[in-house]
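Computed from heavy atoms alone, side chains included, the values below leave out hydrogens, waters and symmetry copies. Here is the naming used below: chain letters follow the sequence lines, and residue numbers restart at 1 for every chain.
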2 protein chains.
Amino acid sequence: MDEIDELLSIRAAELYYEENKTQDEIGQALRLTRWKVGRLLAQAKQRGFIRIEILHPRARRLPIERRLREERGLTDAIVVSTAGVHTPEELQERTAQAAADYLTALRPVPRTLGVSWGRTLFEISQHLRSGWATGVNVVQINGGVSLNRRPGTAAATAVGIAQKGGGSATLLPSPAILERLATKEAIESDRVVAGVIELARSADAYLFSAGAADHNSVHVESGYLSVSDVDVLVQKGAVGDVVGRYIDSDGNIVDPALDARTVGLTLDELRASPLAIAVVAGQAKHAVADAVVRSGLCSVLVTDEATALHLLDG
Amino acid sequence: MDEIDELLSIRAAELYYEENKTQDEIGQALRLTRWKVGRLLAQAKQRGFIRIEILHPRARRLPIERRLREERGLTDAIVVSTAGVHTPEELQERTAQAAADYLTALRPVPRTLGVSWGRTLFEISQHLRSGWATGVNVVQINGGVSLNRRPGTAAATAVGIAQKGGGSATLLPSPAILERLATKEAIESDRVVAGVIELARSADAYLFSAGAADHNSVHVESGYLSVSDVDVLVQKGAVGDVVGRYIDSDGNIVDPALDARTVGLTLDELRASPLAIAVVAGQAKHAVADAVVRSGLCSVLVTDEATALHLLDG
DNA sequence: CGCCGTCGTGCTCATATGAGCAGGATCACC
DNA sequence: GGTGATCCTGCTCATATGAGCACGACGGCG
């Protein structure tokens, strides 16, 4: 009886979803009462035979968002659908767009927004629309005077977000990582730098991404770390970095000495914030994303479906 | 206005399909009237943002079946869904199952059923249930005394279909292809063979598959043709074979001399039948499937979604 | 053999949804 | 600036669907 009911529910589903027949019509066709048809359809859904997908770059996965909030204790979660995505770039774009949307809809509008920099942040800045806010002051939360070929990306990110939000940007004029601890301490005690960091600490909200601990890292690209530095970090358990600080899968600093030479907000300062928005997407970042969420580095997470499911698996 | 409506329709779809909210509730959430929500949802569907799939081995694609009937003039078409299929074997199995289902449901039940043989037919015979019919006589319609390692597969197919249908099988005791024309003529004039072919001509319905013209062909495997024979046929335009007869993309015999040495029903005899059921599935058979349907070799086609779409493309 | 619990069935009634229509805003064109 | 066509909106009303319930069949168990 179960076998035949299963088949009937499939036949009914075909007529209902593909042929747009009413349950009554299906009943006539299959010689069933319309109530039976309704039950078969409910069964088909419940057993997972029916899959409904929303195919759109802006589509989100609300049930997964809910699970992230409930099971991972996030204040909010934005999960973009991966349906129909073929390239990592597309995924990245969808996520950046979603982050921009989230910022735009954010109430109350933060007066001061602390931001990190990197590929993800840059893309978010590009997806924001002019007038997304009125009068947001943007402040960099980690060092970012860029050494690489595309100088000013970090600056362009912060400035872009600020301009489109009708405010101004405060840049942190410092490298991300210094070679010597003494230099780092010296630079942090510089009046301007200290002032910027102070401002960063007072931000209403933070927006940052995370990097994977691999050779494509922005730190390698920017010249702050060498390929072998990264290898060593991985050796020590690093899964990625947040605002330039490398963490292991529990969210702990992997290399305290290195960390001491890194300029910007500390991770605990980030954790203390009531509104820390992390934007992390892509296969390569599953491990960091997990560390970020587990160790409470963010209160809001913007990510993709595959990454979200990875977080919920463990 | 269109941009924003599109976004709204996606938000509405998320709430409707993923969160099971009513259109009214969605209206409250998005500050819209419920009629507007209904229209947005309709729009999302109509623009193709909503994809509903039935994930089940027995699922069929009724809209595609309809198109095949209407645009390709078939009496009937059965198209199995490819959703969730990963291997060609799985596809083959689904299609065989569907063919078995079709036979089982066929009314009026044919008294005499002509069948070919091959991997597909064998699988269909395995998927049929005992008692699928009461008293069907099965007759082979093309030569099939097997030369290969698995002798009797052809016989097992016909016998299996007959036994499960409560009838008996009549085998055609002849090779598929003879080496010399004279031998073929001699064997066809044999009283028994002639009788079987006569019976085959009188069948109420035919069930057959088609083979691709490649090195995996059953004819190569059985030793009736060599690999180079097949290459030559392909050279001459062959896309595959039906009941052992190789055809080009228009359904015409590719090599009349070879055809004359092939034992069994002719293609025109098949075309004349009011109920000729072809079962053809898989990427490799797209070209033959096309030839079969275009040249009217079958009145009923059982196939998979990808093949069906290929047929409808041209 | 009879009893009771369980399950599936077909109903009533409440609710959700879709079709069709009238009024009003918008826009191009005169 | 007037005027008509067009589109959009929010309605009424008909229909489709889902929730809950009472009945009867079935099967296990005393």
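- Atom C1' of nucleotide D/dT17 and atom CG of B/Asp24 are separated by 16 Å, given to the nearest angstrom.
- Side chain B/Trp35 to base D/dT12: a donor-acceptor pair is found below 3.5 Å.
- An OP1 or OP2 oxygen of C/dT9 is reached within less than 4.0 angstrom by a side-chain nitrogen or oxygen of A/Lys36.
- Looking only at distances, a side-chain donor or acceptor of B/Arg72 sits under 3.5 Å from a matching main-chain atom of B/Leu311.
- To the nearest angstrom, P of C/dA16 lies 11 Å from CD of B/Gln28.
- Between the side chain of A/Arg39 and the base of D/dG18, no donor-acceptor pair under 3.5 Å is found.
- Counted by atom type alone, B/Ser81 and B/Glu53 present zero donor-acceptor pairs between their side chains at under 3.5 Å.
- Of the possible polar contacts, one joining the B/Lys285 side chain to the B/Ala210 backbone as a donor-acceptor pair under 3.5 Å is found.
- In this structure, B/Leu32 atom CG and D/dC11 atom P are separated by 13 Å, rounded to whole Å.
- Taking atom CD of residue B/Glu25 and atom C1' of nucleotide D/dG18, one finds them 14 Å apart after rounding to whole Å.
- When the P atom of C/dA16 is taken as reference, atom CG of B/Asn20 falls 13 Å away, rounded to whole Å.
- The side chain of A/Arg34 has C/dC13 as its nearest neighbour among D/dG10, C/dC13, C/dT17.
- Around atom CZ of B/Arg47, more than 12 heavy atoms belonging to other residues, nucleotides or ligands sit under 6.0 Å away.
- Residue B/Gln23 places no side-chain N or O under 4.0 Å from the OP1 or OP2 atom of C/dT15.
- The distance between atom CG of A/Leu40 and atom P of D/dG18, rounded to the nearest whole Å, is 12 Å.
- Separating the OH atom of A/Tyr17 from the C1' atom of D/dT17 is a distance of 12 Å, rounded to the nearest angstrom.
- With hydrogens and angles ignored, the 3.5 Å screen pairs no side-chain donor or acceptor of A/Asn137 with any backbone N or O of A/Thr112.
- The side chain of A/Tyr16 approaches D/dT17 more closely than any other nucleotide in the set D/dT17, C/dG18, C/dG10.
- A/Lys21 has its NZ atom 13 Å from the P atom of D/dT17, to the nearest Å.
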